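Note that the structure is predicted; figures quoted are calculated from it, not measured. We count ligands from 1, going down the list as the structure has it; atoms in each ligand are counted the same way.
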Amino acid sequence: MKDIYEIAVVHGDGIGPEVCAAAVEVVKAALGNRSHLNFREYPAGAEHFLKTGESFPEPTFNACRNADAILHGAGGIPGVVHPDGTEAGLDFTLRLRFELDLYANIRPIRLFEGVTCPLSGVKAGEIDYIILRENSEGLYAARGAGVQLRGELAVDSLVQTRSGVERIVRKAFELARQSNGAPRDGVKRVTCCDKANVLRSYAFFRSVFDRVAPDYPDIETEYVLIDAMTMHLVLQPGHFNVIVTENMFGDIISDLGAATIGGMGLAPSAELGDRNGFFQAAHGSAPDIAGKGIANPYGTVLSAAAMLDWLGTKHADRVLCEAATNIRNVTNTALASGCLSADLHGSWKSADITQFLCERLARLH
Ligand code: IPM
Ligand code: MN
């Protein structure tokens, strides 16, 4: 347990500041007068890049590296790009992942009561799995390092290392062990999602998976190719428990999975290394709805709950773990009682949802 936890907060762009402020308020309400979190804000993102020419200032990086945890709204403005065409507003997220070695991106996909599922006949609780996205190598490792020649050739390479694959696969088995198994049959199962039938890099990923799997005889294993996976996530989402996959594939199926539970606004993520933890919703900065007060704060609120859980477990701090549980419980209540934002076909403003959550949390003290 620590006396004070330093949380580096970066609001970012678009709806980032709105959802980030909502999450901080909810965390404060969950902790009440027991609060021992020190939130400090730092600049980064596309807006900051436009103002200063810097997307991710060094002091912000140092603060994030040294903080106990990092909380982010969302980053990026389309069209605000580097000379190579890539978005400046994404530097914050991507540099943190690579420079702090945040190799495990944990993305729970869960269908909440009160939310309309776009898949027919699927009820709350029947979708409940984790996408474990490898977050430090894969195709994204080529970011800023690919080849561009004479404006007529561009190459990005997909990188897999034995140690990199092994650590993410082990994490997948550990997550499955801690889980309740797949909703459909209660089986604890790790699905290796790749394209091993076509590319060597994925065949290698699978071969490392095969070497690690026997260490976890209590967990069922299977392979699903990425193309088939997009179909299964729509047709039989209840079969899945933990899906482990390469960086880019994980990015893509995160959005697909989110769509099946009501949209990106309900998809949290936790990006973890052996020392640092970075928490933000899986969605982007949605500049089209920024400043209107209608952004969905749940994804960031749930990411902040994951932050409290991670900190609480790491530092054996029960107050933080309890606060995380309380935030998840009031989120369940809020959604089930119809506090739905525009993206969820409701008419609740972000501020009203935040207030609902905070009031319910205050009652728990
Ligand atoms: C995500 C996002 C990021 C990604 C962006 C913001 C760099 O889409 O976290 O899924 O592409 O990984
Ligand atoms: Mn994404």
Notebook entry, point to check: So, does His283 use its side chain to make a donor-acceptor pair with the main chain of Thr300 at under 3.5 Å?
Noted result: no
Quick one: ligand 1 N/O to protein N/O pairs below 3.5 Å?
from     : atom 1 : to     : atom 2 : distance (Å)
ligand 1 : 8 (O)  : Asp251 : OD1    : 3.4
ligand 1 : 9 (O)  : Arg97  : NH2    : 2.8
ligand 1 : 9 (O)  : Arg107 : NH2    : 2.7
ligand 1 : 10 (O) : Arg107 : NH1    : 3.1
ligand 1 : 10 (O) : Arg107 : NH2    : 3.1
ligand 1 : 10 (O) : Arg133 : NH1    : 3.2
ligand 1 : 10 (O) : Asp251 : OD1    : 2.8
ligand 1 : 11 (O) : Tyr140 : OH     : 2.6
ligand 1 : 12 (O) : Arg97  : NH1    : 2.7
ligand 1 : 12 (O) : Arg133 : NH1    : 3.1
ligand 1 : 12 (O) : Arg133 : NH2    : 2.8

Item checked: Donor-acceptor pair, side chain of Glu41 and main chain of Pro43, under 3.5 angstrom -> no
Next item on the list: Check whether more than 12 heavy atoms from other residues, nucleotides or ligands sit under 6.0 Å from atom CZ of Arg275, and answer yes or no.
Entry: yes
Notebook entry, point to check: Taking the six-membered ring for Trp, are Tyr202 and Phe249 parallel (under 30°), tilted (30 to 60°) or perpendicular (over 60°)?
Noted result: parallel
Check: Do the ring planes of Phe240 and His232 sit parallel (below 30°), tilted (30 to 60°) or perpendicular (above 60°)?
Finding: tilted
Item checked: Residues Lys51, Glu47: salt bridge by 4.0 Å N-O rule -> no
Notebook entry, point to check: Does the pair Asp309 and Arg328 meet the rule for a salt bridge (Lys or Arg N to Asp or Glu O under 4.0 Å), with working shown?
Noted result: CA-CA 11 Å; Asp309 246 340; Arg328 275 193 289 265; 2.5 Å; yes
Item checked: Any side-chain donor near an acceptor of the partner, Glu174 and Gln178, under 3.5 Å -> no
Item checked: Near the Mn ion (ligand 2) (under 2.8 Å) - protein N, O or S atoms -> Asp251 OD1
Note to self: Does either side chain, that of Thr60 or that of Glu58, offer a donor lying less than 3.5 Å from an acceptor on the other one?
What the structure shows: no
